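Presented below is the structure to which this report refers.
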Amino acid sequence: MLVNNQVIISAELRKRFADARRVVVLTGAGVSAESGVPTFRGGGQSAVWKGMPFDKISSAGMLERNLAEVWEWFNYRRELIEKIAPNAAHHALAGWEKRFPDFTLVTQNVDGLHQAAGSSDVLELHGNLWRARCKTCGMKYDLRDKESSESRTFICSACGNYLRPDVVLFGEMLPAGVFERAVLKARSCELCFVVGTSALVYPAAALPEIAGAAGAYTVEINPELTPLSDLCDEAIQGKAGEVLPLF
Ligand code: APR
């Protein structure tokens, strides 16, 4: 709740936070916004790349039509993120991993900033832009050790075919088993936070609903209201980097 424009954590939520053992957190692009990573939506704007809406350049169709263009987009995102550090929200969540006996961090983000802040075993629903995988044999590669030049497409050293970003593109399935693990945790958690997502992309946005239906106390943290705000037990309208450290 807001008091004189100050975010105040309710007594109810403080108590539940103090008593909780099983906690799930779902994050979206908003958790990286204060680090300088542009969100895709929110604030009335929608990301565009060379005049193309982001969901077109980040699509399975574009991957088939123009792999080099897709690489150029992800090379740009990677170079942007390379210069960026995790913020107070990422660090707070890394601390929660040590605080709660059963803590699950699920992210839609592909920027790797949770891991850079010290979070481990992050469930990456949409992959990670620091990895590539072979379009044919599926072999994965860490791009941190590959010199990435503008629009150069990578070749698999195992089978000689093209690599693609190891990121889930629009029109593609989520990586096998990751969402299923998140659902199991959502079904058994006591407290579920949803932080910095417009809650427009499924199946990720279903997680807080699944947790709520299983009896968890659900809390949204976002400066803006989303389709989840009324479904959550509490909707805290504030920035992740300002609200999460309050716990
Ligand atoms: N703290 C918390 N939330 C914030 C902040 C902040 N500092 N700044 C912005 N937000 C909120 C916005 O109000 C918006 O609701 O973060 C949300 C960002 O929404 P999107 O850009 O739609 O990002 P996300 O929900 O993660 O998108 C889901 O869609 O584009 C695909 O695959 C991509 O993973 C992404 C998925």
Side-chain angles (χ1 to χ4, degrees), residues 1-35 42 86-109 113-115 117-125 179-200 202-247:
M1 74 183 134
L2 282 180
V3 177
N4 305 336
N5 238 4
Q6 282 284 309
V7 169
I8 304 291
I9 308 297
S10 72
E12 166 86 23
L13 180 49
R14 280 229 175 273
K15 172 99 179 53
R16 287 173 179 270
F17 190 84
D19 298 346
R21 299 179 61 76
R22 299 184 305 281
V23 175
V24 168
V25 176
L26 171 69
T27 65
V31 88
S32 295
E34 290 154 88
S35 291
N87 64 59
H90 298 107
H91 291 295
L93 293 173
W96 291 13
E97 184 179 314
K98 300 182 184 70
R99 178 196 173 107
F100 296 107
D102 186 345
F103 179 75
T104 306
L105 179 54
V106 188
T107 191
Q108 298 169 84
N109 300 347
L113 289 175
H114 283 303
Q115 293 89 334
S119 289
S120 61
D121 197 19
V122 180
L123 296 183
E124 297 177 311
L125 293 179
F179 184 68
E180 291 72 12
R181 273 184 67 195
V183 168
L184 283 179
K185 289 293 184 179
R187 284 213 178 103
S188 64
C189 72
E190 298 146 305
L191 200 45
C192 177
F193 287 84
V194 49
V195 185
T197 180
S198 56
L200 297 172
Y202 281 74
L207 276 178
E209 296 170 62
I210 293 168
Y217 194 76
T218 54
V219 181
E220 181 183 59
I221 298 174
N222 192 319
E224 295 182 9
L225 294 177
T226 75
L228 276 175
S229 306
D230 290 342
L231 299 174
C232 286
D233 294 294
E234 290 194 35
I236 301 176
Q237 284 196 264
K239 294 183 174 180
E242 293 169 6
V243 175
L244 289 173
L246 296 175
F247 286 89

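Source: prediction; values computed, not measured.
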For residues [X] and [Y], report the shortest heavy-atom separation together with the two atoms involved.
| X | Y | answer |
| --- | --- | --- |
| Gly238 | Val7 | CA-CG2, 4.3 Å |
| Leu228 | Ala199 | CD1-CB, 3.5 Å |
| Ser198 | Pro227 | O-CD, 3.4 Å |
| Leu113 | Ser32 | CD1-OG, 3.6 Å |
| Ser229 | Ala235 | O-CB, 4.0 Å |
| Pro245 | Ala92 | N-CB, 4.2 Å |

Exercise for the section: Could you check if a side-chain atom of Gln237 sits within less than 4.5 angstrom of a side-chain atom of Asn222, using non-hydrogen atoms only? Expected result: no
Practice task
Measure the shortest side-chain to side-chain distance between Ile9 and Val243 over non-hydrogen atoms and say whether it is less than 4.5 angstrom.
Solution key: yes
Kindly compute the distance separating [atom1] ([X]) from [atom2] ([Y]), expressed to the nearest 0.5 Å.
| X | Y | atom1 | atom2 | value |
| --- | --- | --- | --- | --- |
| Thr218 | Leu231 | OG1 | CG | 8.0 Å |
| Ile221 | Glu242 | CD1 | CD | 11.5 Å |
| His90 | Gln115 | NE2 | CD | 9.5 Å |
| Ser10 | Ile236 | OG | CD1 | 7.0 Å |
| Glu220 | Asp233 | CD | CG | 12.0 Å |
| Ile8 | Leu13 | CD1 | CG | 12.5 Å |

Quick one: list whatever passes salt bridge (Lys or Arg N to Asp or Glu O under 4.0 Å) with [X], sequence neighbours left out.
| X | value |
| --- | --- |
| Arg21 | none |
| Glu34 | none |
| Asp121 | Arg181 |

Quick one: side chain to side chain donor-acceptor pair (under 3.5 Å) partners of [X], sequence neighbours excluded?
| X | value |
| --- | --- |
| Lys239 | none |
| Ser35 | Asn87 |
| Glu12 | Arg16 |
| Ser188 | none |

Could you go through residues 23-30 and list every donor-acceptor pair under 3.5 Å that involves a side-chain atom there, pairing it with any protein atom two or more places apart or in another chain?
| from | atom 1 | to | atom 2 | distance (Å) |
| --- | --- | --- | --- | --- |
| Thr27 | OG1 | Thr107 | OG1 | 2.7 |
| Thr27 | OG1 | His114 | NE2 | 2.9 |

Practice task
Say whether, by atom type as modelled, one donor and one acceptor occur between the side chain of Glu190 and the main chain of Ala20 under 3.5 angstrom.
Solution key: no
Practice task
Would you please name every residue forming a ring pair (Phe, Tyr, Trp, His ring centres under 6.0 Å) with Phe17, sequence neighbours left out?
Solution key: Trp96, Phe100, Phe247
Handout entry: Residues that Thr197 engages under side chain to side chain contact (heavy atoms under 4.5 Å, CB included), provided they are two or more places apart
Key = Gln108, Val194
For residues 206-217, tabulate all N or O donor-acceptor pairs below 3.5 Å that involve a side-chain atom, not counting sequence neighbours.
| from | atom 1 | to | atom 2 | distance (Å) |
| --- | --- | --- | --- | --- |
| Glu209 | OE2 | Tyr202 | OH | 2.9 |
| Tyr217 | OH | Glu234 | OE2 | 2.7 |

Problem - More than 12 heavy atoms from other groups under 6.0 Å of CG on Asp19 - result: yes
Problem - Sequence neighbours excluded, every pair satisfying salt bridge (charged side-chain N to carboxylate O under 4.0 Å, His left out) that has a member inside residues 89-104 - result: Asp102-Lys185
